[in-house]
Amino acid sequence: EVQLQAFGGGLVQAGGSLRLSCAASGFTFDDYSIGWFRQAPGKEREGVSCISASAGSGRTTHYADSVKGRFTISSDNAKNTVYLQINGLKPDDTAVHYCAAAWGFLGSSWANGDDEYHYWGQGTVVTVSS
């Protein structure tokens with residue numbers, strides 16, 4: 001059974017940091033791209049970052065323009081876990097954050113939610129106070 005468990009969210013003050021984790025099981029971790037998405041209250045879900053399945057030269061990372069420089073995605077293949085380090089949190093980062101898995105390498109289509117990703121986790125809530 002494929003499972004994605006996202007955790008690490010919480011309530012933090014603006015300027016603070018969080019590290020979100022996405023623990024994966026039930027599939028060959030190296031063969032899948034893992035993406036992070038978020039949905040703020042009253043807004044559509046958006047892709048924030050992705051770490052693609054290895055294409056022979058290691059994994060490739062992608063970021064939304066709105067989070068570049070503040071978000072860092074990484075993976076620990078031994079633990080089947082992807083991390084999203086978030087620094088300089090802003091109130092606009094308040095959202096439910098989800099991780100999702102897509103088979104194979106993802107390039108420019110990494111943020112195309114349901115079109116690309118087959119499995120979704122349950123989400124973890126990030127709340128940033130001003």
Chemist: Indicate yes or no for a side-chain donor-acceptor contact from Asp76 to the backbone of Lys79 under 3.5 Å, with no hydrogens or angles considered.
Modeler: yes
Chemist: Would a hydrophobic clustering, with Ile, Leu, Val, Met, Phe, Trp and Tyr connected at side-chain separations under 4.5 Å, put Phe29 with Tyr98?
Modeler: no
Chemist: Examine the side chains of Ser52 and His62 and answer whether a donor and an acceptor come within less than 3.5 Å of each other.
Modeler: yes
Chemist: Please say whether more than 12 non-hydrogen atoms of neighbouring residues, nucleotides or ligands are located less than 6.0 Å from CH2 in Trp120.
Modeler: yes
Chemist: Between Gln5 and Cys22, is any pair of side-chain heavy atoms under 4.5 Å apart?
Modeler: no
Chemist: Is the Phe27 to Tyr32 ring centre distance short of 6.0 Å?
Modeler: yes
Chemist: With side chain to side chain contact (heavy atoms under 4.5 Å, CB included) as the test, would you mind laying out the steps for Thr61 and Cys50 before giving the verdict?
Modeler: CA-CA 6 Å; Thr61 59; Cys50 170; over 6 Å; no
Chemist: Would you call Asp30 and Ser54 a side-chain contact if the rule is heavy atoms closer than 4.5 Å?
Modeler: no
Chemist: Ser17: which residues meet the side chain to side chain contact (heavy atoms under 4.5 Å, CB included) condition with it, sequence neighbours left out?
Modeler: Gln85, Asn87
Chemist: Between Asp93 and Lys90, is the salt bridge (charged side-chain N to carboxylate O under 4.0 Å, His left out) condition met? List the steps.
Modeler: CA-CA 5 Å; Asp93 294 321; Lys90 305 176 182 179; over 6 Å; no
Chemist: Under 3.5 Å, is there a donor-acceptor pair between the side chain of Asp115 and the main chain of Asn112?
Modeler: no
Chemist: Could you tell me the separation between the OG atom of Ser75 and the CD1 atom of Ile34, rounded to the nearest 0.5 Å?
Modeler: 9.0 Å
Chemist: Could you check whether any side-chain N or O of Thr94 sits under 3.5 Å from a backbone N or O of Asp92, counting only pairs where one atom can act as donor and the other as acceptor?
Modeler: no
Chemist: Show your reasoning for whether side chain to side chain contact (heavy atoms under 4.5 Å, CB included) applies to Leu84 and Thr72.
Modeler: CA-CA 6 Å; Leu84 186 68; Thr72 302; over 6 Å; no
Chemist: Given the ring of Phe71, does Arg19 sit roughly above its face, with NZ or CZ under 6.0 Å from the centre of the six-membered ring and within 45° of the axis?
Modeler: no
Chemist: Is there side-chain contact between His97 and Gln39, with at least one heavy-atom pair below 4.5 Å?
Modeler: no
Chemist: Val128, Val67: one ILVMFWY side-chain cluster at the under-4.5 Å cut-off?
Modeler: yes
Chemist: Hey, any chance Ile86 and Trp36 share a hydrophobic cluster, counting ILVMFWY side chains that come within less than 4.5 Å of each other, even indirectly?
Modeler: yes
Chemist: Is there a donor-acceptor pair under 3.5 Å between the side chain of Ser49 and the backbone N or O of Ile73?
Modeler: no
Chemist: Report the C-alpha distance between Arg38 and Arg45 in whole Å, list the side-chain angles of each, state the deciding distance to 0.1 Å, and finish with yes or no for side chain to side chain contact (heavy atoms under 4.5 Å, CB included).
Modeler: CA-CA 6 Å; Arg38 66 184 182 185; Arg45 187 179 61 197; over 6 Å; no
Chemist: Gly47 and Ala111: which non-hydrogen atoms are nearest, and at how many Å?
Modeler: CA-CB, 4.4 Å
Chemist: How about Leu18 and Leu89: do any of their side-chain heavy atoms sit closer than 4.5 Å?
Modeler: yes
Chemist: State, to 0.1 Å, how close Ala14 and Ser130 come at their nearest heavy-atom pair, and which atoms those are.
Modeler: CB-CA, 4.3 Å
Chemist: Look at the side-chain heavy atoms of Ile, Leu, Val, Met, Phe, Trp and Tyr, link any pair under 4.5 Å apart, and say whether Leu4 and Trp103 land in one connected group.
Modeler: yes
Chemist: Within the side chain of Glu1, is there an N or O that forms a donor-acceptor pair under 3.5 Å with the backbone of Gly26?
Modeler: no
Chemist: Could you see if Val48 belongs to whatever hydrophobic cluster contains Tyr119? Use Ile, Leu, Val, Met, Phe, Trp, Tyr and a side-chain cutoff under 4.5 Å.
Modeler: yes
Chemist: Is there a donor-acceptor pair closer than 3.5 Å between any side-chain N or O of Thr124 and the backbone N or O of Gly9?
Modeler: yes
Chemist: Would the distance check show the side chain of Tyr117 and the main-chain N or O of Trp110 forming a donor-acceptor pair, the cut-off being under 3.5 Å?
Modeler: yes
Chemist: For Leu106 versus Glu116, what's the shortest heavy-atom pair and its separation?
Modeler: CD2-OE1, 3.4 Å
Chemist: Test side chain to side chain contact (heavy atoms under 4.5 Å, CB included) on Thr81 and Tyr83; report intermediate values, then the result.
Modeler: CA-CA 7 Å; Thr81 299; Tyr83 303 100; 3.6 Å; yes
